[in-house]
Amino acid sequence: MQQKVRFQIEGMTCQACASRIEKVLNKKDFVESAGVNFASEEAQVVFDDSQTSAADIAKIIEKTGYGAKEKTEDALPQPEETAHVSWRLWLLFAINVPFLVGMAGMMIGRHDWMIPPLWQFALASVVQLWLAVPFYKSAWASIKGGLANMDVLVTIGTVSIYLYSVYMLFFSPHAAHGMAHVYFEAGVMVIGFVSLGKFLEHRTKKSSLNSLGLLLKLTPTQVNVQRDGEWKQLPIDQVQIGDLIRANHGERIAADGIIESGSGWADESHLTGESNPEEKKAGGKVLAGALMTEGSVVYRATQLGSQTLLGDMMNALSEAQGSKAPIARVADKAAAVFVPAVVSIALLTFIATWLVKGDWTIALMHAVAVLVIACPCALGLATPAAIMVGMGKAVKHGIWFKDAAAMEEAAHVDAVVLDKTGTLTEGRPQVAAVYCVPDSGFDEDALYRIAAAVEQNAAHPLARAIVSAAQARSLEIPSAQNAQTVVGAGITAEVEGVGLVKAGKAEFAELTLPKLSDGVWDIASIVAVSVDNKPIGAFALADALKADTAEAIGRLKKHNIDVYIMSGDNQGTVEYVAKQLGITHAFGNMSPRDKATEVQKLKATGKTVAMVGDGINDAPALAAANVSFAMKGGADVAEHTASATLMQHSVNQLADALLVSQATLKNIKQNLFFAFFYNILGIPLAALGFLNPVIAGAAMAASSVSVLSNALRLKRVNID
């Protein structure tokens, strides 16, 4: 049986490391697929659990030279520790200072600022023989694994500089006369700059790219729990299901639960993307992470930790951020051959420069500059860094993508198929129009009062809609006696002070509706009312559009996305809704199979189709679409089939999802362009001698940070 497991990987230094782990795992017969994300430092492996186990796979990863820790679904993702500057990096900084001063002096003609050669040798030896050891270990492990990483380039370059300088200082013919040219500063500063770049890259990946840290802060560490009749302040890990917990104004909810007492307002935007607080009162639900903006409630915990909606979202986000988008294959293929290609170019540079210049010192500096300037890290971070930030931004808008592939596909969508009921409309009937028979003696308020008096004895959704509408008008509803339901026709009752009232179908109330100008009468459900067998009026009840539906359709059209309605409702009703929204493609009377077939037809015309639905009958069309969105709380089969989940039942959230995806894909392409352009430009410049190893080291460190910084711009991108 196939099983999916995730591992947190330790020790990766560049994309080549991730590619090597993938290569080793995918060669195993019992592994169906393996993907390693350099940015999230996570591996996702699908394997046959009848042949191996997660522990055995972890051992395979460890044999390649990396640490592997299994991530379980039951546990919440753990907060990342703040990245601090290590003693090793501080010592590197200190050793770099005299070399930086010396190089600055040389730029202005003050060669006496550089420390004596023997001191240079001593400091460079500390760096090269001790502080650079992590580079050597990583490089050796990488070579043993059959796929060279970035540390191989750094090691070859800096060791070459160090050995050359040692030879020139102690063994060359010029050494005795104090005229030897040494380049200890180049090796020291390359190690320093690359180490700094790694630190900045690591800190950005852990703290800025990932949204999980912000989500983890939503759960309080201490909560007020009732134990033995007393309220006690306890750590969150001591809370049990069934405990009574109190949340006051300004505090966060610790668990999903049911309110026992109290009332207030809670901000649940962390889950739904909806900025307006929700009213909370006895019997209602509260969700972990929600902030009590007003009031105070006592609730009974029903779900804790990873079982809460917040925990589910965090695990889903962690898994989605760790997945790989198809566009990442471009970088993966390049990274697989990158380091061997760079070593070959460096060797050719050395030979060509020596032949042309006749000076192997210059040739060595050019070759080392080529080795140092090359940076597969920027290439490896280009896609996953943007995906991690894009996923986090989507979650803030209440959108849960299942994986990176779904987000990438959503960026290409140019046709959206929408169900009507529950997607475009509220999914419940409301009074859309009222007709009063002329000269009947009853005005609109009287019609509402009389109809509500009878309908409050019925359980039909149309009846409840009329009663709710009357109550919304603050009308006094009279009492009714002897209510009787006539199956398939309506209901009758004696209304105090009025007489025998009938409410139901038009023929039941003996009403013949005239031709009315409002088109809603042609598609709505009609409830007619009569008093003592004389018709007095009627209500047109229709499923009202959601408040933000029109705005959402406008946003989709603005971005050249075609909109289609496909519904099982009658064609007239669907066309009426489409006309209100300015949608030209409207299909009614459609079965689940019809919807799926129509989606396939759209795809055949070259459209990239997104389907949105919330019911069981939407599942076939959701599966047929390129990318699909289900509404949270809808049918389980719809959520399981869909590529993403929308926490609000809102088409506006769909528009957010598509636009966030477009912005993310655009950012990925920018990152890839920069990474390729950096190497295409930097390597020739280094080979031709326009960049010395020190500048190359600084540029290499800056390249990864630049890609990460560009990815972080997604947090501020406008998706209106």
Side-chain angles (χ1 to χ4, degrees), residues 269 272-276 394 397-399 410 413-434 465 468-469 472 517-525 540-588 590 595 602 607 609-615 618 621 625 627-634 644-663 718-720:
S269 59
T272 65
E274 173 57 58
S275 58
N276 295 324
H397 283 79
I399 305 148
V413 166
D414 54 8
V416 168
V417 175
L418 305 171
D419 183 36
K420 180 183 72 68
T421 306
T423 301
L424 293 172
T425 64
E426 295 286 356
R428 59 180 184 272
Q430 294 181 335
V431 176
V434 180
S468 296
S517 59
D518 192 338
V520 72
W521 291 93
D522 297 327
I523 57 93
S525 298
L541 291 106
D543 194 0
L545 291 173
K546 292 180 179 177
D548 63 350
T549 295
E551 175 193 352
I553 300 301
R555 290 177 67 197
L556 292 171
K557 288 183 174 182
K558 177 183 175 183
H559 291 273
N560 301 314
I561 298 173
D562 295 333
V563 182
Y564 298 75
I565 303 179
M566 295 185 189
S567 174
D569 213 336
N570 67 73
Q571 185 66 30
T573 302
V574 176
E575 288 179 353
Y576 177 78
V577 171
K579 184 178 180 181
Q580 286 182 291
L581 297 172
I583 298 173
T584 56
H585 310 289
F587 303 89
M590 299 196 78
K595 291 181 183 180
L602 284 174
K607 293 285 188 182
V609 182
M611 170 69 191
V612 185
D614 62 352
D618 295 321
V627 60
S628 50
F629 297 85
M631 305 292 189
K632 187 66 176 178
T645 301
L646 306 179
M647 297 304 294
Q648 297 177 40
H649 287 223
S650 168
V651 182
N652 237 337
Q653 210 166 46
L654 166 69
D656 290 340
L658 299 183
L659 298 180
V660 166
S661 299
Q662 289 179 6
N718 188 344
I719 60 168
D720 290 336

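All heavy atoms count here, side chains included; hydrogens, waters and symmetry mates do not.
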**Report entry** Pairwise salt bridge (Lys or Arg N to Asp or Glu O under 4.0 Å) hits with a residue in residues 541-552, at least two apart
**Finding:** none
Report task. Evaluate the side-chain proximity of V577 to L545: yes if any heavy-atom separation is below 4.5 Å, no if none is. Result -> yes
Query raised in the report: Are side-chain heavy atoms of M566 and V574 found at a separation under 4.5 Å?
Result: no
Query raised in the report: So, the side chain of R555 versus the backbone of I719: is there a donor-acceptor pair under 3.5 Å, distance only?
Result: yes
Query raised in the report: Does a side-chain heavy-atom distance below 4.5 Å link L658 with V416?
Result: yes
Report task. State, with a plain yes or no, whether a side-chain heavy atom of S628 is found less than 4.5 Å away from one of V612. Result -> no
Query raised in the report: Rounded to the nearest 0.5 Å, how far apart are CG of L659 and CG of N718?
Result: 9.5 Å
**Report entry** Residue from V651, L654, D656, N652 passing side-chain contact (heavy atoms from CB on, under 4.5 Å) with L646
**Finding:** L654
Query - Atom pair CG (L602) and CE (M611), whose distance is rounded to the nearest 0.5 Å - result: 11.0 Å
Query raised in the report: Of the options V563, I565, I561, which is the one that meets I553 in a side-chain contact (heavy atoms from CB on, under 4.5 Å)?
Result: V563
Query raised in the report: What residues form a ring-ring contact (aromatic ring centres under 6.0 Å, His included) with Y564, not counting sequence neighbours?
Result: H585
Query raised in the report: Within the side chain of Q653, is there an N or O that forms a donor-acceptor pair under 3.5 Å with the backbone of I399?
Result: no
Query raised in the report: Does A644 have any side chain to side chain contact (heavy atoms under 4.5 Å, CB included) partners at least two apart in sequence or in another chain, and if so, which?
Result: F401, F629
Query - side chain to side chain contact (heavy atoms under 4.5 Å, CB included) partners for A550, two or more places apart - result: L581
**Report entry** With sequence neighbours excluded, residues passing ring-ring contact (aromatic ring centres under 6.0 Å, His included) with H559
**Finding:** none
Query raised in the report: When you check the gap from the basic side-chain N to the acidic O, do K557 and D562 get nearer than 4.0 Å?
Result: no
Query raised in the report: Between CE of M631 and OG of S650, what distance do you get to the nearest 0.5 Å?
Result: 7.0 Å
Query raised in the report: Do you know the tightest heavy-atom contact between V609 and A625?
Result: O-CB, 3.6 Å
Query - Partners meeting side chain to side chain donor-acceptor pair (under 3.5 Å) with E575 (sequence neighbours left out) - result: Q571
**Report entry** Approximate separation, where rounding is to 0.5 Å, of T584 OG1 and K579 NZ
**Finding:** 14.0 Å
